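First up is the structure itself, then whatever we jot down about it.
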Amino acid sequence: MNTPGMARLRAMRFAKDAMDRDWSDPGLDLDAVAAHAGYSRYHFVRAFKATYGESPGQYLSRRRIERAEELLRSANLSVTEICMAVGFTSLGTFSARFKKQTGTSPSAYRRQHGRRAAAMIPGCYAMLFTGGFKEPPPASGSPLGKRPEGTSGGAPLPDGEERNNGEALRQRR
């Protein structure tokens, strides 16, 4: 049976799942989340708040702060790196929302809870886990973001050398 209430609840679950999945993306905004639900942004805010008791922005901010708490307890990253890894673009906004939710600043939270973890996770692993390593945008001078031939994204290869991309193995078979 599909009632209007069930359809709305299903649409809100789609949007909530999108926020749970893409919480670290700083580009995740209200329009993108409302699109997952198939609602206009204004109708979506009202429907989400009626369903879950908080606005989509409050929910997403709460989820990001929860992730930040976890990283502050366990990862060897600076507060700024954690701020960026959880999807905030402003350290001031992150610190204010963190303090509002937890009652302490991120640095104080780390001092209180950071030493209880067995060992700090190296920052590079934490960044890998949270999706902090993103592909750089294509160079503005190269067409369609393609690299010039003979380069591998770093230094150009010497004349006559080619990067092994598995072509030689395929030719032997």
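Just so we're clear, the structure is a prediction, and the values are computed from it rather than from any experiment.
- Pairing each heavy atom of Ala18 with each of His36, the nearest pair is CB-CD2, 3.5 Å.
- Closest approach of Phe48 to Pro56, counting heavy atoms only: CD2-N, 3.5 Å.
- Under the salt bridge (Lys or Arg N to Asp or Glu O under 4.0 Å) criterion, Arg8 pairs with no residue at all, not counting sequence neighbours.
- Val79 meets the side-chain contact (heavy atoms from CB on, under 4.5 Å) test with Leu72, Leu91, Phe94, Pro106, Ser107; sequence neighbours excluded.
- Atom-to-atom distance recorded for Gln58:CD and Gln101:CD is 10.5 Å, nearest 0.5 angstrom.
- Judged as a salt bridge (Lys or Arg N to Asp or Glu O under 4.0 Å), and not counting sequence neighbours, Asp22 has no contacts.
- Separation of atoms CE (Met84) and CD1 (Ile82) is listed at 12.0 Å; rounding is to 0.5 Å.
- Two residues are said to be in side-chain contact when any heavy atoms from C-beta on lie closer than 4.5 Å; Arg67 and Ser24 fail this criterion.
- Between the OG atom of Ser40 and the CG atom of Leu30 there is a distance of 9.5 Å, given to the nearest 0.5 Å.
- The two residues Val86 and Ala68 make their nearest non-hydrogen contact at CG1-N, 3.8 Å.
- With rounding to the nearest 0.5 angstrom, the CZ atom of Arg41 is 7.5 Å from the CG atom of Asp29.
- In this structure, CD on Glu69 lies 11.5 Å from OG on Ser74, to the nearest 0.5 angstrom.
- Heavy atoms of other residues, nucleotides or ligands lying less than 6.0 angstrom from OH of Tyr52 number more than 12.
- Across every non-hydrogen atom of Arg64 and Asp25, the tightest pair is NH2-O, 2.9 Å.
- The two atoms that bring Trp23 and Ala85 nearest to each other are CZ3-O, 4.0 Å, heavy atoms only.
- Distance check, rounded to the nearest 0.5 Å: NZ of Lys99 to CD1 of Ile65 gives 13.5 Å.
- Arg62 is linked by a side-chain hydrogen bond (donor to acceptor under 3.5 Å, both in side chains) to Glu54, Glu66, counting only residues two or more places apart in sequence or in another chain.
- Two residues are said to be in side-chain contact when any heavy atoms from C-beta on lie closer than 4.5 Å; Tyr59 and Asp20 meet this criterion.
- Counting all heavy atoms, side chain and backbone alike, Arg110 lies closest to Ala75 at NH2-O, 3.2 Å.
- By the side-chain contact (heavy atoms from CB on, under 4.5 Å) test, Thr104 is found to be paired with Phe98, Thr102, Ala108, Tyr109, Gln112, residues two or more places apart in sequence or in another chain being considered.
- Residues that satisfy the side-chain hydrogen bond (donor to acceptor under 3.5 Å, both in side chains) test with Tyr39, not counting sequence neighbours, are absent from this structure.
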